[in-house]
J.: 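One structure, pasted below without further comment.
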Amino acid sequence: MRAISRRHAYVLVRSPHRLFDVTLWPLVDVVLFGSLAAFVGTGDSSGAATASGYLLAGIVLWHVIYQSQISLSTGFLEETWTRNLLNMMVTPVREVEYVAGVALFGMVKLVMGVGVMVLGALAFFSFETWSLGWGLIPIAITLLIVGWAISLFVIGLVLRFGTGAEALAWGVMFVLLPLSGVFYPIDALPPVLQPLALALPTTHAFSALRQLVDGGGLNWTQVGIAAVGSIAMVVLAAGFLVRMLMLFRKRGYITRYT
């Protein structure tokens, strides 16, 4: 695990442009949604102030799931881009160790990315994320697990269908974004999409976040539903990845990456 983490750390250090999605992109999101929050919060109504809080808190916590997912997914894709997958498969490193090593390094990138957003929100818009309290921790952990589950699913698709499926590493998150009610209650969604949104653990996590923004304390019911859903997603995604890995070896799909 340590060796895998160091391998990706070396790549990041020698290619500083790879820090774009860890530093500049989160900062752009803070400026974009923070400016939108400042605009809608210019009125005197409490609704405007609440909406601005939803936007800033939502984008900060969204990057928890985004950074956890993209770090693990691109960590695997790095092996395909450099034609290093065959070398990895013949080493004594087990699949669990490899995934854990990439996830470990992904945690470093996660701390960097979210840290940039928290500092940016404070510097540009005087939004103190930590003012929401310790209730942010269980919500963030749930979103972290969901990000890992999505990345395992994406890796499985890449193993099965080749590098053509790597676009899902970015695209699937933008499908999840509107359905999760990151910035608004799901009642605002079209009625036909609301049952689908309720089935997502991220929806309940962000619902609990909005209650924190409203000052109502942590809703443990919503957090519990989100936690159970995130664990179920990880189990299903891991099972799917194992199945795809078996097909990958049985059918000789390794030739796609050599």
Side-chain angles (χ1 to χ4, degrees), residues 1-13 15 18-23 25-26 61-82 84-85 87-89 91 93-117 139-177 180 200-202 205 226-227 229-245 248 257:
M1 290 170 54
R2 181 183 176 188
I4 295 299
S5 297
R6 290 180 64 183
R7 174 256 190 276
H8 289 281
Y10 291 149
V11 172
L12 187 63
V13 170
S15 304
R18 295 173 185 267
L19 288 171
F20 175 83
D21 62 337
V22 181
T23 56
W25 197 335
L61 268 293
W62 171 254
H63 265 265
V64 172
I65 179 174
Y66 176 81
Q67 292 292 343
S68 64
Q69 186 270 338
I70 206 69
S71 296
L72 187 54
S73 296
T74 55
F76 172 77
L77 290 174
E78 182 69 35
E79 311 297 347
T80 67
W81 294 333
T82 57
N84 192 49
L85 189 56
N87 298 330
M88 292 298 306
M89 301 272 307
T91 64
V93 177
R94 292 178 295 179
E95 290 82 357
V96 174
E97 294 172 338
Y98 176 79
V99 172
V102 176
L104 180 63
F105 179 70
M107 290 292 294
V108 176
K109 296 177 67 176
L110 171 65
V111 172
M112 293 171 61
V114 176
V116 167
M117 299 201 71
I139 297 175
I141 292 174
T142 299
L143 295 176
L144 178 68
I145 296 173
V146 172
W148 285 340
I150 295 173
S151 63
L152 294 178
F153 177 71
V154 171
I155 291 172
L157 290 177
V158 172
L159 288 174
R160 176 60 181 83
F161 298 105
T163 54
E166 67 185 39
L168 294 173
W170 292 270
V172 70
M173 301 305 296
F174 292 100
V175 175
L176 197 64
L177 177 61
S180 299
L200 298 173
T202 49
S230 63
I231 293 173
M233 283 186 66
V234 165
V235 172
L236 292 174
F240 176 76
L241 177 59
V242 170
R243 174 61 178 167
M244 293 300 102
L245 186 58
F248 180 82
Y257 308 101

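Remember, predicted model here, so these are calculated numbers, not experimental data.
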J.: Please name all residues satisfying ring-ring contact (aromatic ring centres under 6.0 Å, His included) with Tyr66, sequence neighbours left out, ordered by chain then number.
T.: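 Here the qualifying residues are Trp25, His63.
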J.: Of the non-hydrogen atoms in Leu77 and Thr80, which two are nearest, and what is the gap between them?
T.: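 Heavy atoms of Leu77 and Thr80 come nearest at O-OG1, 2.7 Å.
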J.: List the atom of Ile155, the atom of Leu241, and the distance in Å for their closest heavy-atom pair.
T.: CG2-CD1, 3.7 Å
J.: State, to 0.1 Å, how close Ser71 and Gly106 come at their nearest heavy-atom pair, and which atoms those are.
T.: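 The answer is CB-CA, 3.6 Å.
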J.: Which heavy atom of Gln67 sits nearest a heavy atom of Pro26, and at what distance?
T.: NE2-CG, 3.8 Å
J.: Can you measure from CZ (Phe105) to CG (Leu12) and round to the nearest 0.5 angstrom?
T.: 4.5 Å
J.: Which residue pairs pass the salt bridge (charged side-chain N to carboxylate O under 4.0 Å, His left out) test with at least one member in residues 2-13, sequence neighbours excluded?
T.: Arg7-Glu79
J.: Calculate, to the nearest 0.5 Å, the distance between atoms OH and OG belonging to Tyr98 and Ser5 respectively.
T.: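 Separation between the atoms: 10.5 Å.
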J.: How close do Trp170 and Thr74 get, counting heavy atoms only, and between which atoms?
T.: CZ2-CG2, 3.9 Å
J.: Less than 4.5 Å apart, any side-chain heavy atom of Ile70 and any of Lys109?
T.: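 No - every pair of side-chain heavy atoms lies 4.5 Å or more apart.
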J.: Of all residues at least two apart in sequence or in a different chain, which pass the side-chain contact (heavy atoms from CB on, under 4.5 Å) check with Met1?
T.: Glu97, Ala100
J.: Minimum heavy-atom separation for Ala226 and Ala205, please, with both atom names.
T.: CB-N, 3.8 Å
J.: Can you find a pair of side-chain heavy atoms, one from Leu168 and one from Val158, that are under 4.5 Å apart?
T.: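 A side-chain contact under 4.5 Å is absent here.
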J.: Which distance, rounded to the nearest 0.5 Å, do you find between the CG of Leu144 and the CG of Leu61?
T.: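 Answer rounded to 0.5 Å: 11.5 Å.
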J.: Please enumerate all residues that pass ring-ring contact (aromatic ring centres under 6.0 Å, His included) together with Phe153, with sequence neighbours excluded.
T.: Phe240
J.: Between atom CD1 of Ile145 and atom OG of Ser68, what is the distance when rounded to the nearest 0.5 Å?
T.: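 OG of Ser68 is found 9.5 Å from CD1 of Ile145.
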J.: Flag the pair Leu85 / Phe76 as yes when at least one side-chain heavy-atom distance between them is below 4.5 Å, and no otherwise.
T.: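 Yes; the side chains approach each other to less than 4.5 Å.
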J.: How long is the gap from CE on Met244 to CG on Leu157, to the nearest 0.5 Å?
T.: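 Rounded to the nearest 0.5 Å, the CE-CG separation comes to 8.0 Å.
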J.: For Ser73, give me all partners under side-chain contact (heavy atoms from CB on, under 4.5 Å), at least two apart in sequence or on another chain.
T.: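 Gln69, Ser151, Val154, Ala169.
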J.: Mind running side-chain contact (heavy atoms from CB on, under 4.5 Å) on Val99 and Ile4 for me, showing each step along the way?
T.: CA-CA 9 Å; Val99 172; Ile4 295 299; over 6 Å; no
J.: Could you list the residues that satisfy side-chain contact (heavy atoms from CB on, under 4.5 Å) with Thr202, not counting sequence neighbours?
T.: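 With neighbours one apart ignored, the set is Ile65, Leu143, Val146, Leu176, Ser180, Leu200, Phe206.
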